[in-house]
Amino acid sequence: MTDLKVLAHELLHEAQQVLQQEGYLNPSAVVLTPGENLIFDLEFETEEEREDLYAEMIDAAKEQNATAIITVNDVYLEGSDAAVRLEGAAWGALAESAAEALMVTVSGGGFETWSLVSPYFRRDEQIVFQPVREMRNPGGEIELLGDWTGKTGAA
C-alpha cells in the first residue's frame with residue numbers, strides 16, 4: 001500500500017519546484033486506485049468548470065474503487081492563524097503580504113482528511129517557503145470532494 005504521507009510530501013516538493021521555476025502552479029490531483037494512479041489536471045476558469053472537473057474526478061475515483069484522492073493547489077490563506085509569521089523589522093510590509101500557500105489535501109476511506117500547507121511569499125523574483133504544517137479539516141477542498149467514498153466519517 002502507498003504511504004500517503006510520503007507521497008503527499010513528494011507531491012508538495014514537486015509543486016514547490018514548479019512554483020519556483022514557473023512562478024505559478026496549475027491545480028492537479030492524483031487518484032490512487034488498486035491498479036494504477038490517475039492524474040488529473042484541474043485547471044479551470046470558472047467555478048462551474050471547477051465543479052465539473054471535480055465531479056469527473058470523483059466519478060472516476062468511485063468507478064476505479066480508489067483508496068485516496070490527493071489534490072495539489074496554490075491557495076490564498078484566510079484568517080490570522082493561517083498567515084505566515086515573519087519576524088523582525090527588516091521584513092516590513094512584506095510580512096503582511098505573505099498570504100499564499102501550496103496545499104496538498106489527502107482524502108479517502110477509513111481516515112480523516114488532512115492537508116500539508118506550505119505558506120510562501122514572493123520577494124522580487126524569488127519565492128520563499130515557510131515551514132510545512134499538517135492541518136486537519138482543511139476547508140474548501142472538502143466541500144468539492146464531499147464524502148466521495150460513500151463511507152460515513154471518511155473525507
Side-chain angles (χ1 to χ4, degrees), residues 1-32 37-58 60-61 66-108 111-149 154-155:
M1 182 173 164
T2 302
D3 184 332
L4 295 176
K5 286 210 187 259
V6 170
L7 182 55
H9 279 278
E10 288 174 2
L11 291 171
L12 178 60
H13 180 68
E14 288 177 22
Q16 289 173 327
Q17 289 179 325
V18 168
L19 187 61
Q20 285 280 22
Q21 293 169 358
E22 305 294 329
Y24 65 93
L25 179 77
N26 290 328
S28 61
V30 178
V31 176
L32 284 75
N37 294 338
L38 309 172
I39 299 172
F40 287 81
D41 176 13
L42 299 175
E43 193 172 351
F44 55 88
E45 291 185 20
T46 67
E47 193 62 32
E48 185 176 296
E49 286 178 3
R50 180 179 184 212
E51 290 174 11
D52 288 345
L53 286 170
Y54 271 78
E56 180 183 316
M57 178 181 61
I58 291 167
T67 57
I69 295 176
I70 303 175
T71 58
V72 181
N73 291 286
D74 188 2
V75 300
Y76 288 101
L77 297 172
E78 296 178 6
S80 60
D81 61 332
V84 176
R85 308 252 192 278
L86 302 175
E87 298 178 11
W91 292 107
L94 183 60
E96 297 170 14
S97 67
E100 295 178 87
L102 294 178
M103 182 178 285
V104 177
T105 301
V106 182
S107 69
F111 61 90
E112 183 181 5
T113 298
W114 53 275
S115 292
L116 295 177
V117 180
S118 177
Y120 68 88
F121 61 93
R122 297 171 190 268
R123 186 172 190 182
D124 299 321
E125 298 296 317
Q126 184 180 19
I127 295 176
V128 180
F129 292 100
Q130 300 300 293
V132 176
R133 296 184 315 241
E134 185 174 322
M135 294 176 48
R136 303 282 177 207
N137 302 319
E141 199 70 10
I142 302 301
E143 295 170 13
L144 285 167
L145 292 172
D147 183 13
W148 64 267
T149 64

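Quantities reported herein were computed from a predicted structural model and do not represent experimental measurements.
We find the CG-CD distance between Asp74 and Gln16 to be 11.0 Å, quoted to the nearest 0.5 Å. Atom CZ of Phe129 sits about 10.5 Å away from atom CZ of Phe121, to the nearest 0.5 Å. Note that CG of Leu7 is 10.5 Å distant from NE2 of His9, once rounded to the nearest 0.5 Å.
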> Passes side-chain contact (heavy atoms from CB on, under 4.5 Å), Thr71 versus Phe40? Steps please.
Replying inline: CA-CA 9 Å; Thr71 58; Phe40 287 81; over 6 Å; no

>> With side-chain contact (heavy atoms from CB on, under 4.5 Å) as the criterion, how do Val31 and Asn37 come out once you've worked through the C-alpha distance, each side chain's angles and the decisive distance to 0.1 Å?
In response: CA-CA 6 Å; Val31 176; Asn37 294 338; over 6 Å; no

> Where do Leu4 and Leu32 land on the side-chain contact (heavy atoms from CB on, under 4.5 Å) test, with the steps shown first?
Replying inline: CA-CA 10 Å; Leu4 295 176; Leu32 284 75; 3.9 Å; yes

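For residues 10-27, no residue pair satisfies the salt bridge (charged side-chain N to carboxylate O under 4.0 Å, His left out) rule, not counting sequence neighbours.
Contact check for Ser28 versus Leu42: no side-chain heavy atoms found under the 4.5 Å cut-off. Taking the side chain as every heavy atom from C-beta outward, Val18 and Tyr24 never approach each other to under 4.5 Å. Using a 4.5 Å heavy-atom threshold, the side chains of Ile69 and Val106 count as separate. Between Phe44 and Asp52 the shortest side-chain heavy-atom distance does not fall below 4.5 Å. No side-chain heavy atom of Leu116 sits less than 4.5 Å from a side-chain heavy atom of Met103. Ile70 has its side chain out of reach of Thr105: every pair of non-hydrogen atoms, C-beta onward, lies at least 4.5 Å apart. Leu102 is listed as a side-chain neighbour of Leu25, based on a closest heavy-atom distance under 4.5 Å. When side chains are defined from C-beta on, Val128 does not count as touching Tyr120, because their heavy atoms never get closer than 4.5 Å.
Taking Glu43 as the reference, nothing meets the salt bridge (charged side-chain N to carboxylate O under 4.0 Å, His left out) condition, with sequence neighbours excluded.
Between Glu100 and Arg122 there is a salt bridge, with a side-chain nitrogen of the basic residue lying less than 4.0 Å from a carboxylate oxygen of the acidic one.
Closest heavy-atom contact between Ala101 and Pro119: CB-CA, 3.6 Å. Smallest separation of non-hydrogen atoms from Asp41 and Pro27: OD1-O, 3.5 Å.
Counting only distance, with no hydrogens or angles, the side chain of Asp124 and the backbone of Gln126 share no donor-acceptor pair below 3.5 Å.
Using modelled atom types and a 3.5 Å distance limit, the side chains of Glu134 and Ser115 yield no donor-acceptor pair.
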